[in-house]
Amino acid sequence: MKMSASALKDLNVSQSANLENGKDNSVKSCISKPVLNGNSCAKKEESSLSACPDAVTNGNVAGNADVEYIDSENLVDLPDVDAALSTLVKRLDSKDWVMTCEALNNVRQLAMYHKERLQELLEPLVPLIVKSVKNPRSAVCKTALMTCADIFKAYGDLMVDSIDPLLMQLFLKASQDKRFVCEAAEAALISMTSWISPLLLLPRMQPYLKNRNPRIRAKASVCFSKSVPCLDVQGIREYGMDKLIQIAATQLSDQLPESREAARNLALELQVIYEKSQASTSDENESEPSVSQDAESWEAFCQSKLSALSAQAILRVTSTTPKEGVASTTKTTKEGVASTTNTTKEGVTSAPKEGLAVDC
């Protein structure tokens, strides 16, 4: 019995030691394997702080693995602009995704509060922003898309020469299935069409209307159709009314409904612009012999610039006249007032909305 009691005591001591060792191992594993997107372990927090002492997000030193999506209107100025600028390129190219997000938010802050100083770095920054948009981690991708929207607003036409590598990614991300990424890409495209001159932007977007990917074509068609109304009469003439109507006719037969709807909207816009320009020309030449009405009509113009089938497709879309139920809505743009024509299914005419401001 004494030997049995002694053996049992030794066994209990051994099991207690094993439990204590197991507890120590679990703590060690937590320190060696930090958890992101939650409560990080102490080692991860310390390494984040030491790896990037200059990284600042919206006025706070970074050290947490969580990424905060900050709306543009809530961005505050950086406490140390020189420190942020000196490490910006390096941090954007970091393999630490949290650091990259922090750097992207710094770009947004600099674009808002110190755009003259950031402008000097735009050339090396844009490829890194494109790289972040391509990043498979959604947090990095969305933050990069928010950055695109802010730099479009800050620099406007100055972004035209750098926009080509961004366009493909913006169209792709705007058509993907992740909703919050898609919404950020859409917001970036709206900012692009709002702040970059359509006369400069349209030629950049035109090649994407023939892209092999139907989703890219669709997003490009929507952006293209939204940019055209922002052109004034002189801009339409410079770009070419005949070129624009040919683009609309081509997109009318596209694979995706989104492209076809954008083409219909574009055709209606072009009809209104064309008829307004013809009316103003007639007013200027009242003292001169009038030109044949058929020669300057919308139908005659379409038939002269398009193939028979394409002209028929465009005229089918634009055949409804104001007497038959076309409602005209005025839109105030940055360049002036453009009028769009819409028809309801029932053919009911609605009164024009006065003073409706619309961002192109």
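Computation of the quantities below employed the complete heavy-atom set of this structure, encompassing side-chain atoms and omitting hydrogens, waters and symmetry-equivalent molecules.
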- Residue pairs passing the side-chain hydrogen bond (donor to acceptor under 3.5 Å, both in side chains) test where at least one lies in residues 152-167, sequence neighbours excluded: Asp161-Arg204, Asp164-Arg204
- Point-to-point distance, once rounded to the nearest 0.5 Å, from CD of Glu68 to SG of Cys101: 11.5 Å
- By salt bridge (charged side-chain N to carboxylate O under 4.0 Å, His left out) - contacts of Arg179 (at least two apart): Glu183
- Message: Please say yes or no: joined through hydrophobic side-chain contacts below 4.5 Å, possibly via intermediate residues, are Phe152 and Val130 part of one cluster?
- Response: yes
- Query: Going only through I, L, V, M, F, W and Y residues with side-chain contacts under 4.5 Å, is there a path from Leu200 to Leu189?
  - Reply: yes
- Message: When you compare the side chain of Glu269 with that of Ser225, does any pair of heavy atoms fall below 4.5 Å?
- Response: no
- Are there more than 12 heavy atoms of other residues, nucleotides or ligands under 6.0 Å from atom CD of Glu123? no
- Message: Are Leu256 and Met205 linked, directly or through intermediate hydrophobic residues, by side-chain heavy-atom contacts shorter than 4.5 Å (ILVMFWY only)?
- Response: no
- Do side-chain atoms of Asp80 reach the backbone of Ala83 as a donor and acceptor pair under 3.5 angstrom? yes
- Query: Applying side-chain hydrogen bond (donor to acceptor under 3.5 Å, both in side chains), which residue pairs with at least one partner in residues 142-152 are found, sequence neighbours left out?
  - Reply: Ser72-Asp150, Arg108-Asp150
- For Arg91 and Ala84, the nearest pair of non-hydrogen atoms, with its separation, is NH2-O, 3.1 Å
- Tell me, do Phe301 and Met241 make a side-chain contact under 4.5 Å, heavy atoms counted? yes
- Item | Step-by-step side-chain contact (heavy atoms from CB on, under 4.5 Å) determination, Ile163 to Leu201 | CA-CA 9 Å; Ile163 206 170; Leu201 185 59; 4.0 Å; yes
- How about Leu167 and Met192: do any of their side-chain heavy atoms sit closer than 4.5 Å? yes
- Query: Is any side-chain heavy atom of Gln169 less than 4.5 Å from a side-chain heavy atom of Leu145?
  - Reply: no
- Message: Hydrophobic clusters here meaning ILVMFWY residues chained together by side-chain heavy-atom distances under 4.5 Å, can you tell me if Leu199 and Leu244 are in one?
- Response: yes
- Task: Return yes if a side-chain donor-acceptor contact under 3.5 Å exists between Asn105 and Glu102, otherwise no.
- Result: no
- Are any side-chain N or O atoms of Ser191 and backbone N or O atoms of Ala187, one a donor and one an acceptor, separated by less than 3.5 Å? no
- Query: So how far is it from Ile216 CD1 to Leu172 CG, rounded to the nearest 0.5 Å?
  - Reply: 4.0 Å
- Query: So do the side chains of Cys148 and Val133 get within less than 4.5 Å of each other, counting heavy atoms only?
  - Reply: yes
- Would Leu170 and Leu122 show up in the same hydrophobic cluster when neighbours are defined by side-chain heavy atoms closer than 4.5 Å? yes
- Just wondering, do Val89 and Leu92 contact through their side chains at under 4.5 Å, heavy atoms? no
- Query: Partners of Lys219 by salt bridge (charged side-chain N to carboxylate O under 4.0 Å, His left out), sequence neighbours excluded?
  - Reply: Glu186, Glu258
Please output the side-chain donor-acceptor pairs of residues 308-315 that fall under 3.5 Å, not counting sequence neighbours, one pair per line with the distance.
unit_1 : atom_1 : unit_2 : atom_2 : d
Ser310 : OG     : Ser307 : OG     : 3.1

- Message: Measuring only between side-chain heavy atoms, which start at C-beta, is Leu270 closer than 4.5 Å to Trp298?
- Response: yes
- Query: Side chains of Leu88 and Val107: closer than 4.5 Å at any heavy-atom pair?
  - Reply: yes
- Residue pairs, two or more places apart or on separate chains, that pass ring-ring contact (aromatic ring centres under 6.0 Å, His included) and touch residues 218-257: none
- Might you point out which heavy atoms bring Met146 and Ile70 nearest each other, and give the distance in Å? CE-O, 3.2 Å
- Residues in side chain to side chain contact (heavy atoms under 4.5 Å, CB included) with Asp177, at least two apart? Arg215
Taking only distance into account, with no hydrogens and no angle test, what donor-acceptor pairs under 3.5 Å do side-chain atoms of residues 110-121 form with protein atoms, sequence neighbours excluded?
unit_1 : atom_1 : unit_2 : atom_2 : d
Tyr113 : OH     : Leu75  : O      : 2.7
His114 : NE2    : Asp77  : OD1    : 2.8
His114 : NE2    : Asp77  : OD2    : 3.3
Lys115 : NZ     : Ala154 : O      : 3.2
Arg117 : NH1    : Asp82  : OD1    : 3.1
Arg117 : NH2    : Asp82  : OD1    : 2.6

- Note on the structure: Interatomic distance, CG@Leu85 vs CG@Asn106, rounded to 0.5 Å, equals 9.0 Å
- Task: Only pairs at least two apart or in different chains count here, so list each side-chain hydrogen bond (donor to acceptor under 3.5 Å, both in side chains) that has a residue in residues 124-135.
- Result: Asp93-Lys131
- Item | Residue pairs involving residues 247-256 (criterion salt bridge (Lys or Arg N to Asp or Glu O under 4.0 Å); sequence neighbours excluded) | Arg217-Asp254
- Residue pairs, two or more places apart or on separate chains, that pass ring-ring contact (aromatic ring centres under 6.0 Å, His included) and touch residues 157-178: Phe171-Tyr208
- Task: State whether the side chain of Asp71 and the backbone N or O of Glu73 hold a donor-acceptor pair below 3.5 Å, judged by distance alone.
- Result: no
- Passes side-chain contact (heavy atoms from CB on, under 4.5 Å), Arg137 versus Thr100? Steps please. CA-CA 11 Å; Arg137 189 179 289 275; Thr100 301; over 6 Å; no
- Query: Any side-chain hydrogen bond (donor to acceptor under 3.5 Å, both in side chains) pairs touching residues 241-252, not counting sequence neighbours?
  - Reply: Ser221-Gln251
- Query: Which atoms form the tightest heavy-atom contact between Tyr69 and Ala139, and what is the distance?
  - Reply: OH-CA, 3.2 Å
- Item | CE-CG distance between Met99 and Leu104, expressed to the nearest 0.5 angstrom | 12.5 Å
- Query: Roughly how far, to the nearest 0.5 Å, is the OG atom of Ser138 from the CH2 atom of Trp97?
  - Reply: 10.0 Å
- Just do the side-chain contact (heavy atoms from CB on, under 4.5 Å) check on Met159 and Ile151 with the steps written out, would you? CA-CA 8 Å; Met159 289 297 299; Ile151 61 175; 3.7 Å; yes
